[in-house]
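Working notes, beginning with the structure itself.
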Amino acid sequence: MLPWEVEDLEGWLVAVLRVAAEDELFAAVEAAERAALTRYPAEVVSTALRRVLSHGLVRHR
């Protein structure tokens with residue numbers, strides 16, 4: 001569920017993207033971005049996505 005507090009946005013993005021299959025990652029990013037844009041300004045969403053994606057998403061399975 002999309003967080004209400006902007007401070008939780010990056011954590012939510014990490015959680016959503018980490019469970020996406022590798023071949024579905026681009027679609028998951030697009031869906032997460034669309035969802036986040038319903039609640040937060042585009043600048044906030046793009047900054048959060050840049051931060052999350054720049055650190056990589058290592059899966060520990």
Side-chain angles (χ1 to χ4, degrees):
M1 177 173 212
L2 188 62
W4 286 102
E5 302 298 326
V6 71
E7 294 82 13
D8 298 327
L9 182 57
E10 287 181 34
W12 177 79
L13 287 167
V14 168
V16 167
L17 299 178
R18 275 203 177 145
V19 298
E22 192 172 328
D23 61 335
E24 297 175 356
L25 188 56
F26 288 113
V29 169
E30 183 179 27
E33 180 181 31
R34 272 195 319 264
L37 287 170
T38 66
R39 186 164 297 162
Y40 304 108
E43 183 177 326
V44 169
V45 174
S46 64
T47 298
L49 276 170
R50 267 188 258 119
R51 284 184 185 154
V52 167
L53 295 174
S54 71
H55 289 22
L57 298 168
V58 178
R59 289 181 184 80
H60 300 285
R61 294 183 186 193

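Fair warning: this is a prediction, and the values are worked out from it, not measured in the lab.
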- Looking only at non-hydrogen atoms, find the nearest pair between L37 and A42 and report the distance. CD2-CA, 3.5 Å
- Looking only at non-hydrogen atoms, find the nearest pair between L2 and A35 and report the distance. CD2-O, 3.2 Å
- Note on the structure: d(W4 CH2, L9 CG) to nearest 0.5 Å is 13.5 Å
- With sequence neighbours excluded, give me every salt bridge (charged side-chain N to carboxylate O under 4.0 Å, His left out) pair touching residues 28-49. E30-R34
- Message: On a heavy-atom basis, which atom in L25 and which in L17 lie closest, and how many Å separate them?
- Response: CD1-O, 3.9 Å
- Item | Pairs flagged by salt bridge (charged side-chain N to carboxylate O under 4.0 Å, His left out) wherever residues 3-13 is involved - sequence neighbours left out | E10-R51
- Residues A36 and W12: closest non-hydrogen pair is CB-CZ3, 4.5 Å
